[in-house]
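Right, one structure below, let's go through it.
All values derive from a computational prediction rather than experimental measurement.
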Amino acid sequence: MKLNERSLAFYATCDSPADNAGFLYKRGERHTAYHRRWFVLKGNMLFYFEERESREPVGVIVLEGCTVELCDSAEEFAFAIRFGGAKSRTYVLAAESQAAMESWVKSLSRASFDYMRLVVRELEKQLEEMRWGPAGECGGCRGLPGPWKLKPMGLEQSPERLPALPTVLPKENGCAVWNNALGVDRPPDASGCARHDSEGNLRPPPLPPRRRASSSEAGSAGVAAVESLSTFCWLHERYGREVAQLRQDWLERRRGPRP
């Protein structure tokens, strides 16, 4: 698996919440001495730094295909991260207390995607049991008597009993009429107009003729427009004089009585 160092360094030091963080003692790969490192767990990646204020991690452990278990070591509160395979490395870590060791073992054991996949499957199973019950019954109907138990939703009718819809629905005025499905009775047409063709299909009614305005109507419309304009001008002039008079009276009252 290829990892981008810059992306990992940014992810390790960004403000995203960590699943666990704290100091652990890490045993060296060549030398058996333990070194105190600052560890940060984010998702399925365990980063470790030389100091808590370090800007870049010293290394990262991808927690996939591994097991976390207690081990015998010279250091107290030690545990190991073991990977499958003959040449895979085993990381030996030690916490500073029993509580810290239990917290790290628990969080590291739950960090892999395999564990999350098992949790999701278990939750889905519990959800299905809550819905339908262990025997496929509806979970909300366990207390009801036998005849009143609901059945899972589905098409219980056979295809032969369902009404067959026509391949092309007839239309009225260009819109499909869903009531014209085969097997649905329609009331007789009382208008007496033949709205069905020779094959019995429904035909749309004829469109009404388009009405055109005559010259007299056009002339009357122009006269009405001229009259409405003259009426508006007259009303504007009349009420404009009243507004001007009221404004003049208000100004005189504001100035006060003359000496």
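Remark: side-chain polar atoms of Ser103 are not paired, donor with acceptor, to backbone N or O of Ala99 under 3.5 angstrom. In this structure, the side chain of Asp19 engages the main chain of Gly43 through a donor-acceptor pair within 3.5 Å.
Partners of Glu29 under the salt bridge (Lys or Arg N to Asp or Glu O under 4.0 Å) rule, at least two apart in sequence or in another chain, are Arg89. Here Glu76 pairs with nothing under the salt bridge (Lys or Arg N to Asp or Glu O under 4.0 Å) rule; sequence neighbours left out. A search for side-chain hydrogen bond (donor to acceptor under 3.5 Å, both in side chains) contacts involving Glu96 returns Arg36, not counting sequence neighbours. Scored by the salt bridge (Lys or Arg N to Asp or Glu O under 4.0 Å) test, Glu69 finds Arg82 as partners (sequence neighbours excluded). Checked against side-chain hydrogen bond (donor to acceptor under 3.5 Å, both in side chains), Arg241 has the following partners two or more places apart in sequence or in another chain: Glu237. Shown here are the salt bridge (Lys or Arg N to Asp or Glu O under 4.0 Å) partners of Asp114, two or more places apart in sequence or in another chain: Arg117. Shown here are the side-chain hydrogen bond (donor to acceptor under 3.5 Å, both in side chains) partners of Ser112, two or more places apart in sequence or in another chain: there are none. By the side-chain hydrogen bond (donor to acceptor under 3.5 Å, both in side chains) test, Glu53 pairs with no residue at all, sequence neighbours left out.
The distance from atom CD of Glu129 to atom CD of Glu124, rounded to the nearest 0.5 Å, is 12.5 Å. A distance of 9.0 Å separates CE in Met45 from CD in Glu64, rounded to the nearest 0.5 Å.
Under the 6.0 Å distance and 45° angle rule, Lys26 does not count as a cation-pi partner of Tyr34.
Considering only heavy atoms from C-beta on, Phe47 comes within 4.5 Å of Tyr11 through its side chain.
Remark: Phe23 CZ is packed, more than 12 non-hydrogen atoms of other residues, nucleotides or ligands lying under 6.0 Å away. No more than 12 heavy atoms of other residues, nucleotides or ligands sit less than 6.0 Å from atom CD of Glu51.
Its side chain within the 4.5 Å cluster rule, Trp250 clusters with Leu251 among the Ile, Leu, Val, Met, Phe, Trp and Tyr residues. Tyr91 shares a hydrophobic cluster with Leu24, Phe39, Leu41, Leu46, Tyr48, Val58, Ile61, Leu63, Val68, Leu70, Phe77, Phe79, Ile81, Phe83, Leu93, Met101, Trp104, Val105, Leu108; the chain of contacts runs through ILVMFWY side chains whose heavy atoms sit under 4.5 Å apart. Connectivity analysis of hydrophobic side chains (ILVMFWY, heavy atoms under 4.5 Å, direct or indirect) links Leu123 to Tyr115, Met116, Val119.
For residues 100-110, there are no salt bridge (charged side-chain N to carboxylate O under 4.0 Å, His left out) pairs, not counting sequence neighbours.
Lys42 approaches Ala12 most closely through the heavy-atom pair NZ-O, 3.6 Å. Scanning all heavy atoms of the two residues, the minimum distance from Ala78 to Ser73 falls at CB-CB, 3.8 Å.
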Stepwise side-chain contact (heavy atoms from CB on, under 4.5 Å) check, Gln248 with Glu252: CA-CA 6 Å; Gln248 184 67 25; Glu252 291 179 358; 3.6 Å; yes
